[in-house]
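Below is one structure, written out as C-alpha cells, with a few remarks after it.
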Amino acid sequence: MSKQESFQTINEVINLYIHLGDNFVVPSKEVVMILDRQSSQASTIVSEFFNKQESKIVQLTNGEAKSVIVTMDKIYFSPLSSNTLKKRAQVAFDIDN
C-alpha cells in the first residue's frame with residue numbers, strides 16, 4: 001500500500017464529531033452553518049426558512065436555545081452558544097484538513 005493510499009484510508013476512517021449539547025453529536029462534515037439564535041430571530045428570511053423546515057427541527061434543550069445548527073438533514077436548537085460551537089467546529093476542521 002502506498003503512502004497516499006494509507007492517508008486516504010485514514011481519512012475515510014476518521015469521522016470527527018461536534019458535540020451540540022444534551023449528549024448529542026453530529027459529524028462535522030454534515031454541518032452547513034451555525035447561527036446565533038437571538039440574531040436568527042431578527043431575520044425574517046431565517047424565520048421563514050425555519051417555518052418551512054419545521055419537521056426537521058430538533059430541540060436539544062428544554063430551555064431557551066442559544067444557537068442553531070443547520071446540517072444536511074436536520075436543524076438543531078442547542079443550549080450551547082454559537083461561539084462555543086464554532087470553536088469546536090474549527091478544531092474539527094483543522095484536524096480534518
Side-chain angles (χ1 to χ4, degrees):
M1 181 181 285
S2 73
K3 191 174 185 180
Q4 184 175 3
E5 289 173 329
S6 295
F7 285 127
Q8 287 174 336
T9 303
I10 291 169
N11 284 336
E12 290 170 4
V13 172
I14 296 174
N15 193 7
L16 300 174
Y17 294 86
I18 301 172
H19 176 256
L20 303 182
D22 196 34
N23 296 320
F24 193 85
V25 295
V26 295
S28 60
K29 61 180 148 186
E30 288 187 14
V31 175
V32 176
M33 72 176 122
I34 299 171
L35 303 167
D36 176 70
R37 178 65 178 133
Q38 190 173 17
S39 298
S40 70
Q41 289 175 318
S43 169
T44 56
I45 293 171
V46 174
S47 295
E48 185 178 321
F49 172 73
F50 291 157
N51 288 337
K52 288 184 178 182
Q53 302 297 321
E54 191 172 357
S55 65
K56 296 181 179 184
I57 292 175
V58 177
Q59 294 282 349
L60 298 177
T61 177
N62 291 331
E64 188 173 339
K66 294 181 181 177
S67 61
V68 180
I69 303 87
V70 179
T71 66
M72 304 297 265
D73 301 319
K74 300 280 184 183
I75 301 169
Y76 299 95
F77 285 65
S78 172
L80 302 178
S81 75
S82 58
N83 285 334
T84 298
L85 293 171
K86 286 176 186 176
K87 288 176 189 173
R88 291 178 182 185
Q90 185 62 45
V91 168
F93 180 77
D94 288 345
I95 293 171
D96 201 25
N97 290 323

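Please read all numbers here as calculations on a predicted model, not as lab measurements. Heavy atoms only: backbone and side chains are in, while hydrogens, waters and symmetry mates are out. All residue numbers refer to positions in the sequence shown, counting from 1.
- Rounding to the nearest 0.5 Å gives a distance of 11.5 Å between NZ of K66 and CD of Q38.
- Checking I69, V68, D36, V31 one by one against L85, the side-chain contact (heavy atoms from CB on, under 4.5 Å) holds for a single residue, I69.
- Using modelled atom types, one finds no donor on one side chain facing an acceptor on the other under 3.5 Å when comparing T44 with S47.
- I45 contributes atom CD1, which lies 12.5 Å from atom OG of S40 (distance to the nearest 0.5 angstrom).
- Within 6.0 Å of CG on N62 lie no more than 12 heavy atoms contributed by other residues, nucleotides or ligands.
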*For the pair L20 and V26, evaluate side-chain contact (heavy atoms from CB on, under 4.5 Å) and give the outcome as yes or no after the intermediate values.*
CA-CA 7 Å; L20 303 182; V26 295; 3.7 Å; yes
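- Pairs engaging residues 48-64 under the salt bridge (Lys or Arg N to Asp or Glu O under 4.0 Å) rule: E48-K52 [sequence neighbours left out].
- When all heavy atoms are compared, the tightest approach of M33 to L35 is SD-CD2, 3.8 Å.
- In the hydrophobic cluster analysis, where Ile, Leu, Val, Met, Phe, Trp and Tyr join through side-chain heavy atoms closer than 4.5 angstrom, I18 is grouped apart from V32.
- Atom-to-atom distance recorded for S78:OG and Q59:CD is 10.5 Å, nearest 0.5 angstrom.
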*Residue pair V70, Y76: steps toward the side-chain contact (heavy atoms from CB on, under 4.5 Å) verdict*: CA-CA 6 Å; V70 179; Y76 299 95; over 6 Å; no
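- Ring-centre distance between F24 and Y17: not below the 6.0 Å cut-off.
- Scanning both residues, S82 and S67, for their nearest heavy atoms gives N-CB, 3.7 Å.
- Note: K74 NZ to E30 CD = 11.5 Å, rounded to the nearest 0.5 Å.
- In this structure, CD1 in I34 is found 10.5 Å from CG in L80, a value given to the nearest 0.5 Å.
- Of all non-hydrogen atoms in F50 and I57, the two that sit nearest each other are O-CD1, 3.8 Å.
- Atom CZ of F77 and atom OG1 of T61 lie 11.5 Å apart (nearest 0.5 Å).
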